[in-house]
**Q** 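Below you will find the structure I want to go over with you.
Values in this document were obtained by computation on a predicted structure and should not be read as measured data.
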Amino acid sequence: MTMNVTAENQSDCPEVKVPVLVFFTIGVVSLAENLLVVVAVIHNRNLHSPMYCFICSLAAFNTIASLTKTWENLMIVFADVGQLEKTGSSETKLDDVMDSLLCMSFVGSIFSFLAIAVDRYITIFHALRYHNIMTMQRTGVILGVIWTTCGVSAVLMVRFFASKIIMICFVVFFIISLVIICFLYVYMFMLARIHARKIAALPTSGGGKCRRQRWWGSSMRGTLTLTILFGAFVVCWAPFFLHLIIITVCPMNPYCECYRSLFQLHVLLLMSHALIDPAIYAFRSAELRHTFRKMLLCSDWMQCS
């Protein structure tokens with residue numbers, strides 16, 4: 001990543017270097033994992049629901065991020081052996097394209113998490129109207145708006161990233177998005193406790209209560225899975241955005257410079273997000289696990305039942 005977020009280290013803290021091979025390995029593995037998620041959701045008709053469409057979109061954005069970082073590391077290797085100029089015009093333009101794609105991946109992840117949070121809210125608290133509200137047609141429109149908005153905003157961000165206003169807007173967008181999504185999840189879990197008590201207070205006769213409990217448990221399990229995904233996203237991206245804040249607030253302070261010396265570790269953590277997400281999907285979703293197993297173990301998985 002070269003979006004003007006690095007600078008000469010003028011403090012006594014040595015810059016932490018991460019081997020290119022580590023970046024390359026994480027990029028390739030995460031690329032393969034997220035492509036597997038995308039193919040699994042497309043192939044399995046049982047996963048053709050709004051929530052899994054948004055998860056597929058999130059995996060696609062992660063795929064873009066992994067592909068971008070993998071290609072960038074290949075460029076670094078070629079530059080080190082003298083096959084590319086680090087400051088050539090074509091290399092600079094290609095670097096801007098990769099930075100645009102990385103910005104697109106970040107913005108897309110935020111919007112995907114927001115869409116997933118709203119979908120979970122409707123699933124739990126408007127269950128009887130869910131299929132009328134969240135139709136696949138509306139889901140497709142939402143995804144179209146997300147991808148178009150992300151593409152335009154990514155180009156604008158990279159084109160004007162030298163301006164501090166754009167960097168500040170980027171950070172503010174991150175913070176506001178976190179607040180909104182956290183509010184939605186906290187609100188959902190607060191209402192969930194109230195609904196759980198109401199279900200527990202229902203008469204025990206008949207199977208209606210058991211069915212409600214099973215449906216409620218399934219819905220809350222999905223919400224918990226998405227909360228874990230969002231938590232992993234915050235942990236992986238927050239250090240990078242703190243880096244951006246430091247560049248804006250105290251670019252020459254020696255203590256800030258010490259934090260900035262960890263920049264490559266922040267990028268490594270950022271890349272790890274695309275590596276962690278598919279593992280969470282597989283651990284929490286039985287349907288995805290079953291689909292992964294067929295894809296990886298069945299010689300003709302298109303025909304496997």
**Q** With a 3.5 Å distance limit and no angle check, can you tell me whether H48 reaches the backbone of V41 through a side-chain donor-acceptor pair?
**A** yes

**Q** Under 4.5 Å side-chain heavy-atom separation, chaining through any Ile, Leu, Val, Met, Phe, Trp or Tyr, what else clusters with L35? Say none if it is isolated.
**A** L31, L67

**Q** Could you go through the side-chain contact (heavy atoms from CB on, under 4.5 Å) check for F23 and K69 one step at a time?
**A** CA-CA 8 Å; F23 283 121; K69 294 306 298 179; 5.6 Å; no

**Q** Is there a side-chain contact between M134 and I122, using heavy atoms and a 4.5 Å cut-off?
**A** yes

**Q** State, to 0.1 Å, how close C236 and H273 come at their nearest heavy-atom pair, and which atoms those are.
**A** CB-CB, 3.6 Å

**Q** For C150, does its backbone N or O pair with a side-chain atom of S153 as donor and acceptor, under 3.5 Å?
**A** yes

**Q** Does T68 have any side chain to side chain donor-acceptor pair (under 3.5 Å) partners at least two apart in sequence or in another chain, and if so, which?
**A** none

**Q** Report the residues that fulfil ring-ring contact (aromatic ring centres under 6.0 Å, His included) with F292, sequence neighbours left out, ordered by chain and then residue number.
**A** none

**Q** For H131, look at atom NE2 and say whether over 12 heavy atoms of other residues, nucleotides or ligands are found less than 6.0 Å away.
**A** no

**Q** Between T135 (side chain only) and R138 (backbone N and O only), is there a donor and an acceptor less than 3.5 Å apart?
**A** yes

**Q** Going only through I, L, V, M, F, W and Y residues with side-chain contacts under 4.5 Å, is there a path from V172 to I246?
**A** no

**Q** With a cutoff of under 4.5 Å between side-chain heavy atoms, which Ile, Leu, Val, Met, Phe, Trp and Tyr residues group with L128?
**A** none

**Q** Measuring from C256:SG to H243:NE2, what's the distance to the nearest 0.5 Å?
**A** 10.5 Å

**Q** I175, F230: one ILVMFWY side-chain cluster at the under-4.5 Å cut-off?
**A** yes

**Q** Under the ring-ring contact (aromatic ring centres under 6.0 Å, His included) rule, collect the residues that match up with Y52, sequence neighbours excluded.
**A** none

**Q** What's the verdict on side-chain contact (heavy atoms from CB on, under 4.5 Å) for F263 and V267, showing C-alpha distance, side-chain angles and the deciding distance?
**A** CA-CA 6 Å; F263 176 71; V267 176; 3.6 Å; yes

**Q** Check the pair K294, H290 against side-chain contact (heavy atoms from CB on, under 4.5 Å), reporting the backbone distance first and the verdict last.
**A** CA-CA 6 Å; K294 287 196 299 183; H290 178 64; 3.9 Å; yes

**Q** What residues form a side chain to side chain donor-acceptor pair (under 3.5 Å) with Y121, not counting sequence neighbours?
**A** none

**Q** With rounding to the nearest 0.5 angstrom, report the CG to CD1 distance, L229 to I280.
**A** 4.5 Å

**Q** What distance separates N44 CG from L288 CG, expressed to the nearest 0.5 Å?
**A** 8.0 Å

**Q** Partners of F173 by ring-ring contact (aromatic ring centres under 6.0 Å, His included), sequence neighbours excluded?
**A** F111

**Q** For the CG atom of L275 and the CG atom of L268, what is their distance to the nearest 0.5 Å?
**A** 9.5 Å

**Q** Please round to the nearest 0.5 Å and tell me the distance separating atom CZ of R260 and atom CG of L242.
**A** 11.5 Å

**Q** Given the side-chain rings of F174 and W237, with only the six-membered ring counted for Trp, is the space between their centroids under 6.0 Å?
**A** no

**Q** Grab the two heavy atoms, one from A274 and one from N34, that are nearest each other, plus how far apart they are.
**A** O-ND2, 2.8 Å

**Q** Who are the side chain to side chain donor-acceptor pair (under 3.5 Å) partners of S66, not counting sequence neighbours?
**A** S30

**Q** Could you check whether any side-chain heavy atom of F24 comes within less than 4.5 Å of a side-chain heavy atom of V28, counting everything from C-beta outward?
**A** yes

**Q** Any chain of hydrophobic side-chain contacts (each under 4.5 Å) joining M51 to I133?
**A** yes

**Q** Just by distance, do the side chain of Q264 and the backbone of V18 share a donor-acceptor pair under 3.5 Å?
**A** yes

**Q** So, does T123 use its side chain to make a donor-acceptor pair with the main chain of D119 at under 3.5 Å?
**A** yes

**Q** Enumerate the salt bridge (charged side-chain N to carboxylate O under 4.0 Å, His left out) contacts for residues 16-31, please, sequence neighbours excluded, ordered by first and then second residue.
**A** E15-K17

**Q** Grab the two heavy atoms, one from V171 and one from I245, that are nearest each other, plus how far apart they are.
**A** CG1-CG1, 3.5 Å

**Q** Is there a path of hydrophobic side-chain contacts, each under 4.5 Å between heavy atoms, that joins V235 and F241?
**A** no

**Q** Measuring from I228:CD1 to I276:CD1, what's the distance to the nearest 0.5 Å?
**A** 12.0 Å

**Q** Is the closest side-chain heavy-atom distance between S177 and F113 below 4.5 Å?
**A** no

**Q** So, N46 side chain and E287 main chain: donor-acceptor pair closer than 3.5 Å or not?
**A** no

**Q** Please report, to 0.1 Å, the donor-acceptor pairs under 3.5 Å made by any side chain of residues 53-62, with sequence neighbours excluded.
**A**
unit_1: S57; atom_1: OG; unit_2: W147; atom_2: NE1; d: 3.1
unit_1: N62; atom_1: ND2; unit_2: D277; atom_2: OD2; d: 3.1

**Q** Show which residues join F183 in its hydrophobic cluster (side-chain heavy-atom contacts under 4.5 Å, direct or indirect), or state none.
**A** none

**Q** Taking the side chain as every heavy atom from C-beta outward, state whether M295 and T291 have any atom pair closer than 4.5 Å.
**A** yes

**Q** Indicate if I181 and Y187 have the same hydrophobic cluster label, given that clusters are the connected sets of ILVMFWY residues with side-chain heavy-atom separations under 4.5 angstrom.
**A** yes

**Q** Test of understanding: with ring-ring contact (aromatic ring centres under 6.0 Å, His included), list the residues that count as partners of Y259, not counting sequence neighbours.
**A** H266

**Q** Looking only at heavy atoms, what is the nearest atom pair of L47 and A40, with distance?
**A** CD1-O, 3.8 Å

